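What follows is one structure encoded as structure tokens, with my remarks underneath.
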Amino acid sequence: MLDRWVQKSIEESLSKFLKELSRPESVAEILPKGVRIEFPKKDGFGDISSPVSLNLASALKLPPRKVAEGLLRHFGNDRRFRTIEIAGPGYLNFTFEQSALRETLLGFLDGAIPLVEPVATPRRILLEFVSANPTGPLHVGHGRGAAYGDALARILKNIGHSVETEYYINDAGNQMEMLGRSTCLAWRSLRRQVSTEEVDGFLKGSTPYKGTYIKEIAKLIQETPGLLTPEEEKAAESSTGDESQYLPKFTHLSQLLIMEGIREDLVRFGVTFDRFFSERELHEEHSGSSGSAVQSWIGKIRDLTRESTGSAGVPDVYESEGALWLRTTALGDDKDRVLLRGDGRLTYFAADIAYHADKIQRGYEVLIDVWGADHHGYIPRMEAAIQTLSLLLGHKTEFRVALIQLVNLVRDGKPVSMSTRGGEFVTLREVVDEVGVDATRFIYLTRSHESSLDFDLNRAREKSMDNPVYYVQYAHARVMSLLKQAETRRVSLPERWEGSDLEPLTLGEEGEMIRFMDRFPRVLHDVGSSLEVHPFSEYLTEMARKFHHYYFHNRILSQEPGDRNLMKARLGLSIAVGRVLRTGLALLGVTAPESM
RNA sequence: GCGCCCGUAGCUCAGCUGGAUAGAGCAGUAGACUACGAAUCUAAAGGUCGGGGGUUCAAAUCCCUCCGGGCGCGCCA
């Protein structure tokens, strides 16, 4: 709100200044990126500053300070600003009147100024995240994606977008068969000796999944009557039986149980999805149609691109070396990609094309995929596929990928090895059990998802009170404690604050807190466009810091009868801070306790 | 070899759509509880922004190059 005032004032004066200079351009033409606004960290540079004169200098062929002087001449007499100064190389520094800030606070308290402003152009967004393969429990890396995706979804929704969240289950392909074989072997070894020769023969040279969860699944199958029919049990027991009699059952049961565990972990972590989308469905044949969804989409792309062989910008489907390829190099990929292998089986990429075609067809304007950073090589081919599909479906779709960098688990400063095969990895559940949901989520969200993160288990466990999340939560608890105290002291606070006397709020830091609160909507909007969540957690930490500082140095609940108005005004400010923290923490999926 | 991410205080990291004196937290140092919760606060200290070159009125930020670390480069998923 305050930043908007400044922006508008500058635009107006710039427009007048351009007229004075007889320039034909409009404000938007001469400043295509708009009027830049900054919030100076240091004192003495105003409440809000703008380097707009520096940005305009070369276009207007005037020294920055001359531009600033010209702009300053055209500012009307706006009572909301105490001073507008030219500083340094040509910055315009704006300082607000305390009365304007008090007005803003009243607006917040009564909800006249909303804490969250809707974006100008709301969009239909599909946010896909986690999508961990159902071959094992979620580990700390998935947790980071879950915390990030969930917070992003909450924020995007909050600023007015229509957002749906989705988890893509890779429940098809070799890996699922390997999973079935792994649990089957574990199951056999519960019943009898299994020789290494038998293991090698059964696994066909591949590495099995090992973790304790495999044994648990085997045990469950063994101990739950009725899961296997007597025939299946008999066939599965021997190494010479017909695999098709029992292996699909092991695969199915394993996947079901693992997926159930994943869902539980997610719920416990506070993450829910609007939809779980199964890859297998894309491979299923439907009666009356021409094969599976995957086959059908490949066919459509093939038809579409048949005539355009070799033409730039349109990847066509072609046959080579007995396989079917998509010419993704036409759109910048390193090499073309196989859709249908020589052995007649479809690739993962082919299924992903069908999946994203399905998303596009559902009418979303923006697809956001949250992937692990090890998938970055996959982006160009997926972009090529999406462009082709957009062409095919006549429906332009924006595709954005957020790559989540690695989480390095650290214990006592030493890295913990996280090999999925060996089962040494630490699961999300273990971490959450030790550290708690709030702290885990906050730790994930205080760093850019684009940088790898060191997650020190011992630090998070033993010294968990040093965790920044408690700093923010404690600030909220302090506000709530103040309000409780006020209640027992029978301080009456207005239902509507409009017209209340906030004049006693004269301190610089009080104004600073109001100004900082006022930035809330802008920070959220920045998250929406950059897809970076961590600046928002930093914002909340800073809000908490300002309040702790204020609280320590200023008495809020006064004992002097003459200070009643001061007390009320300060309580009002505290209430507003509490609301900012509560709203903000909720957007990160973190609780805001009333006491700790 | 090619591609992506990263290199900023002792440690973990912000800042990177170029702009004023490069910022936090932790650790360490020195302090603050007879009033609303000390899970807090205050102060000082800590920097060749990996090295070098370039573009610019202005570079931690953009470009080139080198060095170091991580990840990825299958008719795997």
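Please read these numbers as outputs of a predicted model, since none were measured by experiment. Proteins get letters first, then strands, A, B, ... in listed order; numbering begins at 1 in each.
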Q: Determine which pairs satisfy salt bridge (charged side-chain N to carboxylate O under 4.0 Å, His left out) with at least one residue from residues 341-351 of chain A, sequence neighbours left out, and list them in order.
A: Arg341(A)-Asp343(A), Asp343(A)-Arg345(A)
Q: May I have all residue pairs that pass salt bridge (charged side-chain N to carboxylate O under 4.0 Å, His left out) and include part of residues 481-490 of chain A, sequence neighbours excluded?
A: none
Q. Is it true that Arg337(A) and Asp352(A) make a salt bridge, defined as a side-chain N closer than 4.0 Å to a carboxylate O?
A. no
Q) Rounding to a whole Å, what distance do you find between Leu403(A):CG and G3(B):P? A) 17 Å
Q: Please state the P separation for the pair C62(B) and C4(B) - nearest whole angstrom.
A: 14 Å
Q | Side chains of His476(A) and Arg582(A), donor plus acceptor under 3.5 Å | A | yes
Q) Under the ring pair (Phe, Tyr, Trp, His ring centres under 6.0 Å) test, which residues partner His534(A), sequence neighbours left out? A) none
Q) Taking the same atom, P, in A14(B) and in G50(B), what whole-Å distance lies between them? A) 13 Å
Q) Is there a donor-acceptor contact under 3.5 Å linking the side chains of Gln175(A) and Asn133(A)? A) yes
Q. Quick one: the side chain of Ser49(A) and the base of A20(B), do they pair up donor-acceptor inside 3.5 Å?
A. yes
(Q) Taking the side chain as everything from C-beta on, heavy atoms only, tell me whether Ile86(A) gets closer than 4.5 Å to Leu71(A). (A) no
Q | Minimum heavy-atom distance Leu203(A)-Arg181(A), with the two atoms named | A | CD2-CB, 4.1 Å
Q: Could you tell me which residues satisfy ring pair (Phe, Tyr, Trp, His ring centres under 6.0 Å) with His375(A), sequence neighbours excluded, listed by chain and number?
A: none
**Q.** Distance in angstrom units between His534(A) NE2 and U12(B) C1', rounded
**A.** 13 Å
Q.
According to salt bridge (charged side-chain N to carboxylate O under 4.0 Å, His left out), does anything in residues 443-454 of chain A pair up with another residue at least two apart or in another chain? List the pairs.
A. none
Q) Under a 3.5 Å cutoff on both atom distances, Watson-Crick or G-U, what's the dot-bracket for RNA chain B ([ ] crossing, | other strand)? A) (((((((..((((.....[...))))..((((.......))))......(((((..]....))))))))))))....
**Q.** Distance in angstrom units between Arg570(A) CZ and A35(B) C1', rounded
**A.** 14 Å
Q) In whole angstrom, what separates His449(A)'s NE2 from A14(B)'s P? A) 11 Å
With a cut-off of 3.5 Å and sequence neighbours excluded, list every side-chain donor-acceptor pair involving residues 568-578 of chain A.
{"residue": "Arg570(A)", "atom": "NE", "partner": "Glu510(A)", "partner atom": "OE2", "Å": "3.1"}
{"residue": "Arg570(A)", "atom": "NE", "partner": "Tyr550(A)", "partner atom": "OH", "Å": "3.3"}
{"residue": "Arg570(A)", "atom": "NH1", "partner": "Arg555(A)", "partner atom": "O", "Å": "2.7"}
{"residue": "Ser574(A)", "atom": "OG", "partner": "Arg570(A)", "partner atom": "O", "Å": "2.9"}

Q) Which parts of nucleotides 72-77 of chain B does protein reach within less than 4.0 Å, heavy atoms only, written one letter per nucleotide 5' to 3' as B for base, S for sugar-phosphate only and - for none? A) SSSBSB
(Q) Just to be sure I understand the geometry, which residues of residues 543-557 of chain A put a non-hydrogen atom under 4.0 Å away from RNA chain B? (A) Arg545(A), His548(A), His549(A), Tyr551(A), Phe552(A), His553(A), Asn554(A), Arg555(A), Ile556(A), Leu557(A)
Q | Rounded distance in Å between the P positions of G69(B) and G46(B) | A | 31 Å
Q) Over how many whole Å does the gap from Asp47(A) atom CG to A20(B) atom P extend? A) 18 Å
(Q) Measuring from the side chain of Gln405(A) (C-beta onward, heavy atoms only), which nucleotide among U40(B), A14(B), C5(B) has the closest atom? (A) C5(B)
Q) Using atom P of each nucleotide, how far apart are G7(B) and U61(B) to the nearest Å? A) 11 Å
(Q) Any N or O donor-acceptor pair under 3.5 Å from the base of A20(B) to the side chain of Asn93(A)? (A) yes
(Q) Could you check whether any side-chain N or O of Ser182(A) sits under 3.5 Å from a backbone N or O of Met178(A), counting only pairs where one atom can act as donor and the other as acceptor? (A) yes
**Q.** Between P of A20(B) and CD1 of Ile37(A), the distance in whole Å
**A.** 16 Å
Q: Could you measure between the two C1' atoms, the one in G53(B) and the one in A45(B), and give it in whole Å?
A: 35 Å
Q) With Phe45(A), which residues qualify under ring pair (Phe, Tyr, Trp, His ring centres under 6.0 Å), at least two apart? A) none
Q: Respond yes when some side-chain nitrogen or oxygen of Ser448(A) is under 4.0 Å from OP1 or OP2 of G15(B), and no when none is.
A: no
Q) What residue among Val469(A), Val435(A), Asn467(A) forms side chain to side chain contact (heavy atoms under 4.5 Å, CB included) with Thr440(A)? A) Val435(A)
Q. If each of Ser595(A) and Asp454(A) is mapped to the nucleotide of RNA chain B with the nearest heavy atom, which maps nearer the 5' terminus, i.e. the 5' end?
A. Asp454(A)
Q: Decide whether a cation-pi geometry holds between Arg519(A) and Phe39(A); the criteria are a distance under 6.0 Å from NZ or CZ to the six-membered ring centre and an angle within 45° of the ring axis.
A: yes
**Q.** Spacing of Met596(A) atom CE relative to U40(B) atom C1', expressed in whole Å
**A.** 12 Å
Q. Looking only at atom P, what distance separates A60(B) and A20(B), rounded to whole Å?
A. 9 Å
Q | Sugar-phosphate, base or nothing in reach of Thr541(A), heavy atoms under 4.0 Å | A | nothing
Q. OP1, OP2 of G15(B) versus side-chain N and O of Tyr539(A): anything below 4.0 Å?
A. no
Collect all protein-nucleotide pairs involving nucleotides 60-63 of chain B in which both atoms are nitrogen or oxygen and the distance is under 3.5 Å.
none

Q: Using the P atom on both, measure G10(B) against C67(B) and round to a whole Å.
A: 26 Å
Q: For ring pair (Phe, Tyr, Trp, His ring centres under 6.0 Å), just list the numbers for Tyr539(A) and Phe516(A), CA-CA rounded to whole Å, side-chain angles, deciding distance to a tenth of an Å, and then say yes or no.
A: CA-CA 9 Å; Tyr539(A) 169 85; Phe516(A) 196 73; 4.6 Å; yes
Q) Does a salt bridge link Lys359(A) with Glu166(A), judged by any charged N lying under 4.0 Å from a carboxylate O? A) no
**Q.** Contacting residues from residues 479-492 of chain A, given that a heavy atom lies under 4.0 angstrom of RNA chain B
**A.** Ser481(A), Leu482(A), Gln485(A)
**Q.** Between P of G7(B) and CD of Glu450(A), the distance in whole Å
**A.** 11 Å
**Q.** C36(B) versus C16(B) - spacing of their P atoms, nearest Å
**A.** 41 Å
**Q.** Note: Glu284(A)-Arg280(A) ion pair, threshold 4.0 Å (strictly below)
**A.** no
